[in-house]
Amino acid sequence: MPKKELGNISEIRRFFHTNKDPIYFVSATNFNLLGLDEWVKNFKYICYIDCFDGRHPNVFVPSEAPHEEFQSIEDINNYLLSHKEVIDLVKRRGGKPKFVFLMFDQKTEELVKQLGGELWFPKAKLREYCDNKINTVRIGNKAGVPSVPNTLSEVKSYDHLMKVCEKAGLGSDLVLQSAFGDSGHTTFFIKSAADFRRHEHEIVGQGEIKIMKRIDCRGSAIEACATKEGTIVGPLMTELVGFKELTPYRGGWCGNEIFSTAFPAKTRQRARELTFQFGEQLRKEGYRGYFELDFLVDKKTGDIWLGELNPRITGASSMTNHAAFAHADAPLFLFHLLEFTNKKFTLDVDELNARWADPEMIDSWSQMVIKHTEDTVDIVTHAPQSGIYRMLEDGRVVYDRFDYHRRAVESENEAFFLRIARPGDFRYEGADLGILVTRGRSMTSGFKLTDRSQRWIHGIKQAFSARPLPSVNAFEDHAFKIM
């Protein structure tokens, strides 16, 4: 007798609530898929950092074992998959284990295979191809999703750059991006020869560079999932970018807001249409599952331009998967898992996308990723624990109670804090301290941090204590993106 096909959201939800095979999210922290364990039976997090001090029932953090210095989140994940305690956990729980990651490489794929598991994402090689910012432009062009006026070229010198831009009609006020890397580290604003000299070693000899005309724009983010039934699209979110209170990196992402009127209705609808088109092209490229697009919205014209593609879950995924529409139907990542179960399902994607575009389906939340922004190096001696914090009438921020649910935040005077930095960690410029999640907006309509946000940031930072290093010269910054 053929197995029944899943035909609606209710059946999809029930399918995951009765899931039998273990599913593991392996990453530095469980931030990106926070709360998904409550939608999927037998879902566990395997993490390097214990943000909850052993108090989260589905987070497993193995004891520290000797390892080489981590250079990437892939290194962390490969270390975890090779850890005896993790191997023992996977074997003890049995079943046919499935694994999902924020980042992984071909070594990760091999380690999953050795554990007898399946990796529920497109192959690392395909993800790397799509993640290449040069290829993203080309995929977008095929999909009819325009990028900021640009040209793709190797850059040999400043004079060569000027000749390339003159031919392409881009002017001399430019934004350059290398093929890979976090936007805060591999985006270069070039207006003069002096600007170019400052970043020359990161531009020359790096292969094709994306060279863009600089525009005055707002950053936005939108997440989607390419399935066999079509591309499911989440809401358009604003992005917090480059705030000096949160990040030392110019152009660096440092948070998001989700609210029903983020950008004008016409902009929101256009972004959704372009995301759907891009997702359909990704399917043709062989990619399926979760992805995120950054769009740049021109402040003068309202034009929408493709910024970059992240072929994975991202730092904004927690926002998408906790929104009101996700609780009413199902988190977007559930459809990613569904796509990889090979379970037969039918879905009216047009109807679902129309419902998720309804402003009444979107509530208002913000998240701020708080980094150490001072040009100092020390060692954390005390770190505020994860949980619910409260802002007093005088603006002071105090710990209120432990929780690992952001929905426990009852008002705009409360916030959920997920701690990243622990006692004993180095605190250097750019080090992640934690993520703060609040109800309501963190920015004004003019895209400046609100006074309330400033107080939250100050209050959380004040809760950290540190002691100076005996010798700062002995410290090497091995910072890399972990979320």
- Task: Check the angle between the aromatic planes of Tyr79 and His83 and answer parallel, tilted or perpendicular using the 30° and 60° thresholds.
- Result: perpendicular
- Mind checking what makes side-chain contact (heavy atoms from CB on, under 4.5 Å) contact with Glu351, not counting sequence neighbours? Asp348, Arg355
- So Phe121 and Phe340, would you call those rings parallel, tilted or perpendicular, with 30° and 60° as cut-offs? tilted
- Task: Scan for salt bridge (charged side-chain N to carboxylate O under 4.0 Å, His left out) pairs involving residues 8-20, sequence neighbours excluded, and state none if there are none.
- Result: Lys4-Glu11
- Do the side chain of Asp105 and the main chain of Lys107 share a donor and acceptor less than 3.5 angstrom apart? yes
- Message: Can you tell me how the ring of Phe291 sits relative to the ring of Phe278, calling it parallel under 30°, perpendicular over 60° and tilted otherwise?
- Response: tilted
- So with a 6.0 Å cut-off around NZ of Lys91, is the heavy-atom count from everything else above 12? no
- Message: Considering only residues two or more places apart or on different chains, which pairs with a residue in residues 90-115 satisfy ring pair (Phe, Tyr, Trp, His ring centres under 6.0 Å)?
- Response: Tyr24-Phe99, Phe101-Phe104
- Task: Using ring pair (Phe, Tyr, Trp, His ring centres under 6.0 Å) as the criterion, list what pairs up with Phe345, not counting sequence neighbours.
- Result: none
- Output yes when a side-chain donor or acceptor of Ser27 lies under 3.5 Å from a complementary backbone atom of Asn30, and no otherwise. no
- Task: Using the test side-chain contact (heavy atoms from CB on, under 4.5 Å), find all partners of Ala168 that sit at least two apart in sequence or belong to another chain.
- Result: Thr151, Leu170
- Task: If a pair satisfies side-chain hydrogen bond (donor to acceptor under 3.5 Å, both in side chains) and one of its residues is in residues 268-282, list it, with sequence neighbours excluded.
- Result: Thr231-Glu280, Gln269-Glu273, Glu280-Arg283, Gln281-Glu285
- Message: Whether the side chain of Ser386 engages the backbone of Cys51 through a donor-acceptor N/O pair (distance < 3.5 Å, no angle test) should be reported.
- Response: yes
- Query: Between Leu174 and Leu161, does a side chain to side chain contact (heavy atoms under 4.5 Å, CB included) hold up when you go through it step by step?
  - Reply: CA-CA 10 Å; Leu174 308 166; Leu161 175 65; 4.0 Å; yes
- Message: Which label fits Phe25 and Tyr45: parallel for a plane angle under 30°, tilted from 30 to 60°, or perpendicular past 60°?
- Response: perpendicular
- Query: Which residues satisfy the salt bridge (Lys or Arg N to Asp or Glu O under 4.0 Å) test with Asp21, sequence neighbours excluded?
  - Reply: Lys98
- Message: I'd like to know whether Tyr287 forms a ring-ring contact (aromatic ring centres under 6.0 Å, His included) with Tyr129, so could you lay out the CA-CA distance, the side-chain angles of the two residues, the decisive distance to 0.1 Å, and finally the verdict.
- Response: CA-CA 10 Å; Tyr287 184 91; Tyr129 170 82; over 10 Å; no
Ignoring hydrogens and angles, write down the donor-acceptor pairs under 3.5 Å from the side chains of residues 219-227, residues two or more places apart or on other chains.
residue, atom, partner, partner atom, Å
Ser220, OG, Phe295, O, 3.0
Glu223, OE1, Tyr290, OH, 2.7
Glu223, OE1, Thr320, OG1, 2.7
Glu223, OE2, Thr314, OG1, 2.7
Glu223, OE2, Ser317, N, 3.4
Glu223, OE2, Ser317, OG, 2.8
Thr227, OG1, Glu229, N, 3.1
Thr227, OG1, Gly230, N, 3.3
Thr227, OG1, Gly230, O, 2.7

- Residues Arg441, Glu257; criterion salt bridge (Lys or Arg N to Asp or Glu O under 4.0 Å); working and verdict: CA-CA 6 Å; Arg441 294 201 61 182; Glu257 299 174 309; 2.8 Å; yes
- Query: Is there a donor-acceptor pair closer than 3.5 Å between any side-chain N or O of Thr136 and the backbone N or O of Asn132?
  - Reply: yes
- Check whether more than 12 heavy atoms from other residues, nucleotides or ligands sit under 6.0 Å from atom NZ of Lys113, and answer yes or no. no
- Query: What do the steps show when you test Gln177 against Glu308 for side chain to side chain contact (heavy atoms under 4.5 Å, CB included), and what is the final call?
  - Reply: CA-CA 10 Å; Gln177 281 189 323; Glu308 64 179 59; 3.8 Å; yes
- Pairs meeting criterion salt bridge (charged side-chain N to carboxylate O under 4.0 Å, His left out) with involvement of residues 27-40, two or more places apart: Glu38-Arg407
- Item | side chain to side chain donor-acceptor pair (under 3.5 Å) assessment of Asn58 paired with Lys44 | CA-CA 5 Å; Asn58 288 318; Lys44 297 283 186 184; 2.7 Å; yes
- Any residue meeting side-chain contact (heavy atoms from CB on, under 4.5 Å) with Glu154, in chain and number order, not counting sequence neighbours: none
- Looking just at side-chain N and O atoms, do His336 and Glu339 make a donor-acceptor pair shorter than 3.5 Å? no
- Query: Looking at residues at least two apart in the chain, or sitting in another chain, which of them share a side chain to side chain donor-acceptor pair (under 3.5 Å) with Lys371?
  - Reply: Asp432
- Item | salt bridge (Lys or Arg N to Asp or Glu O under 4.0 Å) partners for Glu208, two or more places apart | Arg138
- Task: Report the C-alpha distance between Cys165 and Ile211 in whole Å, list the side-chain angles of each, state the deciding distance to 0.1 Å, and finish with yes or no for side chain to side chain contact (heavy atoms under 4.5 Å, CB included).
- Result: CA-CA 8 Å; Cys165 291; Ile211 305 164; 3.6 Å; yes
- Query: In Å and rounded to the nearest 0.5 Å, what is the SG to CG distance from Cys47 to Asp50?
  - Reply: 8.0 Å
- Query: Does the side chain of Thr108 pick up a donor-acceptor pair with the side chain of Asn78 at under 3.5 Å?
  - Reply: yes
- Geometric cation-pi criterion Arg250 and Phe189, 6.0 Å radius, 45° cone: yes
